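To start, the structure under review is shown below, and the notes come after it.
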Amino acid sequence: MTRTDHTPDVRAEPPPPAPTAAGARILRDGLLWSAGVALLLLSVAVAVTIGPARISVPDVWSAVASHLGLGEGRLTPIRDGIIWNLRMPRTLLAAVCGAGLAVCGTVMQSLLRNPLADPFVLGVSSGASTGAVVVVVLGVGGGAVSISGGAFIGALCSFALVLLLSHTLGGSTDRVVLSGVAAMQLFSALTSFVVMTAADAEQTRGVLFWLLGSLSGVGWSDVWMCSAVLAVTLLTCLGHARTLDAFAFGRDAAASLGVHVARTRIVLLCTTALLTAALVSSAGAIGFVGLVLPHAARALTGSGHRRLLPVTALAGAVFLVWVDTLARTVLDPQEVPVGVVTSLIGVPAFVLVLHRTRRST
């Protein structure tokens, strides 16, 4: 007699595999970037609504959709002009400048192995200031060159001088920094000399306001130009992310890992200097963004540049959007230079960075 076993098969299925460390990191980075993009979009939309004219977030979306061909505008021409021609270009340029300065600061700190390096360490801002002053005060260019054009040319001249000096002095990291300091002092002296000897009171006031950082009067052409340079710079830096990681161990260690140190340094220095020149020519010298924001982003992502650079860009964009909003509204109708507000916020953060650097040495 055959005995039939009616006991069901209760063999347990293997548990699902646990997520690997790499998978968990990718998921975390994806959530962080998504949150950053959402926060940036929300910040831009809300910042545009803040000002003397009462505008709501739905009004902003309606104006944007109308100009992008995604719907019919329901706003009056005046309200649409306030959003699209005045506030939106300024807010977007603030985001672009914040992202660009933060990215440049991250790259500079890695290339120069100096946690206190920022985008202006190469004297670009001083050269831009001289170029702007020469155009405004001395009238060089006969009206054919704008203040932004003069600032851009001056920034490139300053950077060219830094490259020449650092090359003749040996091209090491400390020589690059020292050459930048020398160029900064030279062009600052030239700016002061021109202002003191040739500018009247009104010109001096306007130049000083611009030198402290100002996003007033910007247009869509500034947004597109700076955005294009930022995109090229960010893609270039992301393509060199592993190389930037290698630079953290020093020049010799990077060379032993197969990095062409001199060529890579020139490419990244030129790229970041070009972006800094473009940003300064449009918005003036806005300090502390490229110095402090990279450290805040490293606390979230670590030192790997493939994750660090996008997060730093998003953090810088959100930060400067709200700083600019504060600068144009806190003393309304008078406007505070953006660089003044970033300095008031950045100095305490800079002291904290110095304290942490001291503890780590």
Side-chain angles (χ1 to χ4, degrees), residues 40-41 43-53 55 60 63-64 81-105 118-120 124-125 128-129 131-133 135-136 146-152 155 205-230 275-290 292-293 313-346:
L40 176 59
L41 293 176
S43 297
V44 170
V46 174
V48 172
T49 67
I50 299 175
I55 293 173
V60 176
V64 172
I82 292 174
I83 295 173
W84 188 254
N85 296 324
L86 295 179
R87 295 186 186 176
M88 185 62 73
R90 175 170 182 155
T91 304
L92 290 180
L93 186 61
V96 172
C97 288
L101 292 173
V103 167
C104 290
D118 74 348
F120 304 135
V124 172
S125 63
S129 302
V133 166
V135 170
V136 173
S146 65
I147 184 173
S148 298
F152 188 76
R205 185 178 183 277
V207 167
L208 290 178
F209 190 88
W210 183 86
L211 293 178
L212 292 173
S214 173
L215 291 165
S216 61
V218 300
W220 282 106
S221 59
D222 300 294
V223 176
W224 298 130
M225 185 268 291
C226 292
S227 298
V229 181
L230 172 62
L275 175 58
T276 304
L279 299 179
V280 172
S281 67
S282 296
I286 302 174
F288 286 98
V289 178
V292 177
L293 267 296
L314 290 171
V318 172
F319 173 75
L320 202 59
V321 164
W322 286 112
V323 166
D324 177 59
T325 303
L326 180 65
R328 65 180 173 82
T329 58
V330 66
L331 294 180
D332 186 63
Q334 185 178 358
E335 182 175 323
V336 181
V338 180
V340 172
V341 181
T342 57
S343 297
L344 292 174
I345 298 173

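Here the structure is a predicted model, which means the values were calculated and not measured.
For A155, the side chain to side chain contact (heavy atoms under 4.5 Å, CB included) test picks out V124, A128, A277, with sequence neighbours left out. The side chain to side chain contact (heavy atoms under 4.5 Å, CB included) search around V135 returns V145, not counting sequence neighbours. Applying the salt bridge (Lys or Arg N to Asp or Glu O under 4.0 Å) rule to R90 yields the partners D324, E335; only residues at least two apart in sequence or on another chain are considered. In this view, S129 and T191, L211 satisfy the side chain to side chain contact (heavy atoms under 4.5 Å, CB included) rule, not counting sequence neighbours. Every residue two or more places apart in sequence or in another chain that forms a side chain to side chain contact (heavy atoms under 4.5 Å, CB included) with V340 is listed here: L212, V336, P337, L344. Residues forming a side chain to side chain donor-acceptor pair (under 3.5 Å) with S214 (at least two apart in sequence, or on another chain): S216.
For the atom pair OG1 (T49) and CZ (R87), the distance works out to 7.5 Å, reported to the nearest 0.5 Å. Separating the CG atom in L93 from the OG atom in S227 is a distance of 7.5 Å, to the nearest 0.5 Å. Taking CG of L279 as the reference point, atom CD1 of I286 lies at 8.0 Å (rounded to 0.5 Å).
Residues G346 and V292 share a closest heavy-atom pair of O-CG2, 4.0 Å. Across all non-hydrogen atoms, the minimal contact from A278 to S281 is O-OG, 2.7 Å. Taking each heavy atom of G100 and L230 in turn, the nearest pair found is CA-CD1, 3.6 Å. The two atoms that bring V280 and A285 nearest to each other are CG1-N, 4.3 Å, heavy atoms only. Between G287 and F120, the closest heavy-atom pair is CA-CE1, 4.0 Å. Nearest heavy atoms, V289 versus G98: CG1-O, 3.7 Å.
Judged as a salt bridge (Lys or Arg N to Asp or Glu O under 4.0 Å), not a single pair has a partner in residues 278-288 (not counting sequence neighbours).
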Inset, instruction - For side chain to side chain contact (heavy atoms under 4.5 Å, CB included), just list the numbers for M88 and V60, CA-CA rounded to whole Å, side-chain angles, deciding distance to a tenth of an Å, and then say yes or no. - result: CA-CA 9 Å; M88 185 62 73; V60 176; 3.8 Å; yes
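For R328 (side chain) and I50 (main-chain N/O), a donor-acceptor pair under 3.5 Å exists by modelled atom type.
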Output a table of donor-acceptor pairs, distance under 3.5 Å, between side-chain atoms of residues 218-226 and any protein atom two or more places apart or on a different chain; print 'none' if there are none.
| residue | atom | partner | partner atom | Å |
| --- | --- | --- | --- | --- |
| W220 | NE1 | W84 | O | 2.9 |
| D222 | OD2 | G219 | N | 3.0 |

Which side-chain N or O atoms in residues 314-322 pair as donor and acceptor under 3.5 Å with protein atoms at least two apart or in another chain?
| residue | atom | partner | partner atom | Å |
| --- | --- | --- | --- | --- |
| W322 | NE1 | S43 | OG | 3.0 |

